[in-house]
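Note sheet for the following structure.
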Amino acid sequence: MALTRYHLHKRSCVGIVPLVCAFLCGVLLTALIANTKPACAPLGQLYDPENSYFLLLLIVTAPENFERRTTIRETYLNLRPRMINESYQEAIIHIPTYNERGQLQQESVETQRQLLANYRAWLEKPVRNIKVINFKIKPLFAIGLHGQPKNIRRAIYEEQRVFGDILELNELQDSYANLTAKVVQSMQKIDAKYDFRYLAKLDDDTYVKLDLLAEDLLSYYEKLHREAGQQARKPSKSGAGTPMELYWGYFRGAATIQKHGAWQEHDYSLCDRYGPYALGGGYVLSKGLVSYIAQNGDRLNLYKSEDIAVGSWLAPFRNIHRRHDVRFDTAWKARACKNYHMLLHKRTAQHMKDLYAGELCTHEENASAGSSPQPKEYFYDWTQPPSSCCKTGV
């Protein structure tokens, strides 16, 4: 049966216990059950256990960025999913299929264009602010504590006592050079402690329309399981039995290997260009991918840029839905503001407050004259090699 948001929190089965039933006319029926344990395991443990969540937010932050963390707590972490029009799943959520070789078929440019048009049309519909079930989201601010001065450590410990949302990495020295190791160690701690369905890796200068992101992700989860159930009743085809994983963000292909500056790469020797990867301002991974990185982190090559590293580590898998989404404004510089942007990178604390108040474009008003041009939006053409992937403008 397809999963819905109204019973995600219920268990999928109950235990069978010995039953003794008495009937009229002296007929006695006794059912002797040898095994009284549940017939199957709880479905996902999404809501019942203490450390179980649907969505984890891994927010990478520096120890001294208290103002950013405070602003995030006061703004988008207060947003929660709303009841959306039931047509949302069919109009905006696309679940790819496998080809005869067992490879997932990523969205075409035309599909991406149509999905964006459908979403923009949906935004024009009246908002229905109806509370849904207790949709559990857990924010975790990842901070490396090794080598930090005593006053900084005391401040972080106090912050943890008050808010309980600090992911303390005691063995990691917090620096840009250790960013990839920071992401790996964070995923290792999360994978060991939490049960979850999805993880969003975010920078602390990224604003998230968390209500929309969570609703979209929940709709994706529901439709994925509904269609998986339908596929299970059909004759199997190559790859169809492989669980589909999600890697959702704004993808870039054929980026040049950096040879100078803070991003200088010494160890990338796979090619003269980076392979496709979701930009690091914010992306979403399903639990299976997080667990893979966590369990193999000690053997993976720690490239300088963590987003390039993640893309490289996940490149060989055939069952990953690489969902390129122009609603993720996650490049090195903010793009021209659009009301359909769901993640907005390179925003100051004041910009986040403005966004929370409904003001979309104050980052453009604050941009200095003569600054470099804003990046252009594109649809990703998965039928082309990475060198030609990103030439179709939105």
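Numbering starts at 1 and runs along the sequence shown. All figures in this text were calculated on a predicted structure; none of them were measured in a lab.
Looking only at side-chain heavy atoms (C-beta outward), Ile166 and Leu140 stay at 4.5 Å or farther from each other. Residues Phe251 and Leu279 are not in side-chain contact: their nearest non-hydrogen atoms beyond the backbone lie 4.5 Å or more apart. By the 4.5 Å heavy-atom criterion applied to side chains, Leu115 and Asp325 are not counted as neighbours. Side-chain contact between Thr206 and Asp204 is absent, with no heavy-atom pair separated by less than 4.5 Å. Contact annotation: the side chain of Ile190 approaches that of Phe196 to within less than 4.5 Å [non-hydrogen atoms, C-beta and beyond]. The side-chain heavy atoms of Tyr277 and Val310, taken from C-beta on, include no pair separated by under 4.5 Å. Within the 4.5 Å cutoff, no side-chain heavy atoms of Asp211 are placed close to those of Tyr76. In this structure, Tyr194 and Tyr53 have side chains that are in contact, with non-hydrogen atoms separated by less than 4.5 Å.
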(message) Test side-chain contact (heavy atoms from CB on, under 4.5 Å) on Lys189 and Leu167; report intermediate values, then the result.
(response) CA-CA 8 Å; Lys189 292 197 73 170; Leu167 186 66; 4.2 Å; yes

(request) Show your reasoning for whether salt bridge (charged side-chain N to carboxylate O under 4.0 Å, His left out) applies to Arg73 and Asp165. (result) CA-CA 10 Å; Arg73 294 183 185 111; Asp165 57 8; 2.7 Å; yes

(message) Apply side-chain contact (heavy atoms from CB on, under 4.5 Å) to residues Met244 and Ile95 and explain how you reach the verdict.
(response) CA-CA 10 Å; Met244 189 182 302; Ile95 305 297; 4.0 Å; yes

(request) Assess whether side-chain contact (heavy atoms from CB on, under 4.5 Å) is satisfied between Glu364 and Gln374, documenting all intermediate values. (result) CA-CA 10 Å; Glu364 293 186 353; Gln374 294 167 314; 3.5 Å; yes

(request) Could you give me the CA-CA distance, side-chain angles and deciding distance for Tyr250 and Leu343, then say whether side-chain contact (heavy atoms from CB on, under 4.5 Å) is met? (result) CA-CA 10 Å; Tyr250 190 83; Leu343 269 69; over 6 Å; no

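No donor-acceptor distance shorter than 3.5 angstrom exists from the side chain of Ser305 to the backbone of Ile308, with no hydrogens or angles considered. Side chain of Arg69 to main chain of Pro63: a donor-acceptor pair is present (N/O by atom type, distance under 3.5 Å, no hydrogens or angles). No donor-acceptor distance shorter than 3.5 angstrom exists from the side chain of Glu107 to the backbone of Gln112, with no hydrogens or angles considered. Between the side chain of Asn99 and the backbone N or O of Gln103 there is at least one donor-acceptor pair closer than 3.5 Å. A donor-acceptor distance shorter than 3.5 angstrom exists from the side chain of Thr71 to the backbone of Glu67, with no hydrogens or angles considered. In terms of modelled atom types and a separation under 3.5 Å, the side chain of Asn170 and the main chain of Leu145 share no donor-acceptor contact. Trp122 places no side-chain N or O within donor-acceptor distance of the main-chain N or O of Ala91, the cut-off being under 3.5 Å. At distances below 3.5 Å, at least one donor-acceptor pair connects side-chain atoms of Tyr247 with backbone N or O atoms of Ala278. Between the side chain of Asn65 and the backbone N or O of Thr61 there is no donor-acceptor pair closer than 3.5 Å.
Residues Gln114 and Asn118 bring a donor and an acceptor atom of their side chains to less than 3.5 Å of each other. If you check the side chains of Gln105 and Thr97, you find no donor sitting under 3.5 Å from an acceptor. No side-chain donor-acceptor contact under 3.5 Å links Ser219 and Lys223. In this structure, a donor-acceptor pair under 3.5 Å is absent between the side chains of Arg154 and Asn151. Judged purely by distance below 3.5 Å, without hydrogens or angles, the side chains of Glu171 and Gln185 never pair a donor atom with an acceptor atom. In summary, the side chains of His345 and Asp205 do present a donor paired with an acceptor at a separation below 3.5 Å, with no hydrogens or angles considered. Using modelled atom types, one finds a donor on one side chain and an acceptor on the other under 3.5 Å when comparing Lys333 with Ser372. Counted by atom type alone, Gln106 and Arg323 present zero donor-acceptor pairs between their side chains at under 3.5 Å.
Ring geometry for Tyr303 against Tyr268 counts as tilted: the plane angle lies between 30° and 60°, on a 0 to 90° scale. Taking the six-membered ring where tryptophan is involved, the planes of His324 and Tyr378 are essentially parallel, since the angle between them stays under 30° and well short of 60°.
The residues Glu90 and Arg226 are annotated as salt-bridged, a charged nitrogen and a carboxylate oxygen being separated by less than 4.0 angstrom. A salt bridge is defined here as a Lys NZ or Arg NE, NH1 or NH2 lying under 4.0 Å from an Asp or Glu carboxylate O, and Glu306 with Lys201 meets this definition. The pair Lys193-Asp191 does not count as a salt bridge, with every side-chain nitrogen at least 4.0 angstrom from each carboxylate oxygen. Under a 4.0 Å N-O distance rule, the pair Glu168/Arg153 does not qualify as a salt bridge. A salt bridge is defined here as a Lys NZ or Arg NE, NH1 or NH2 lying under 4.0 Å from an Asp or Glu carboxylate O, and Glu377 with Arg335 meets this definition. A salt bridge does not link Lys287 with Asp195: every distance from a Lys NZ or Arg NE/NH1/NH2 to an Asp or Glu carboxylate oxygen is 4.0 Å or more. Salt-bridge annotation for Asp216 and Lys209: absent, with no side-chain N of the basic residue lying under 4.0 Å from a carboxylate O of the acidic one.
Across Val184 and Trp313, no two heavy atoms sit closer than the pair CG2-CH2, 3.4 Å. Heavy atoms only, all atoms of each residue included: Lys138 and Gly164 are closest at NZ-O, 3.2 Å. The minimum heavy-atom distance linking Ser186 with Leu169 is given by the pair OG-CD1, 3.5 Å. Residues Phe328 and Gly249 share a closest heavy-atom pair of CD2-CA, 3.6 Å. In plain terms, the two heavy atoms of Val284 and Ala200 that are nearest each other are CG2-CB, 4.0 Å. Here the closest heavy-atom approach between residue Leu246 and residue Tyr198 is recorded as CD2-CE2, 3.8 Å.
For the atom pair NZ of Lys353 and OG1 of Thr362, the computed distance is 12.0 Å after rounding to the nearest 0.5 Å. Remark: Lys136 NZ to Leu55 CG distance equals 12.5 Å, nearest 0.5 Å. Distance CD/Glu124 to CG/Asn339: 7.0 Å, rounded to 0.5 Å. In this structure, CZ on Arg197 lies 12.0 Å from CG on Leu218, to the nearest 0.5 angstrom. The line from CG of Leu289 to CE of Met187 is 9.0 Å long, rounded to the nearest 0.5 Å. Atom CG of Leu344 and atom OH of Tyr207 lie 8.5 Å apart (nearest 0.5 Å).
Put simply, Tyr88 and Trp248 are part of the same group of oily side chains (I, L, V, M, F, W, Y) that touch within less than 4.5 Å, one to the next. No continuous path of ILVMFWY side-chain contacts below 4.5 Å connects Trp332 to Tyr176, so the two sit in separate hydrophobic clusters. Following chains of ILVMFWY side-chain contacts shorter than 4.5 Å, one can reach Leu123 starting from Val394, so the two form part of one hydrophobic cluster. Val60 and Phe66 are members of different hydrophobic clusters when ILVMFWY side chains are connected at heavy-atom separations under 4.5 Å.
For the salt bridge (charged side-chain N to carboxylate O under 4.0 Å, His left out) with Asp329, the qualifying choice from Arg347, Lys346, Lys338 is Arg347, the only one to do so. The residue from His94, His225, His321 that alone fulfils the ring-ring contact (aromatic ring centres under 6.0 Å, His included) condition with Tyr220 is His321.
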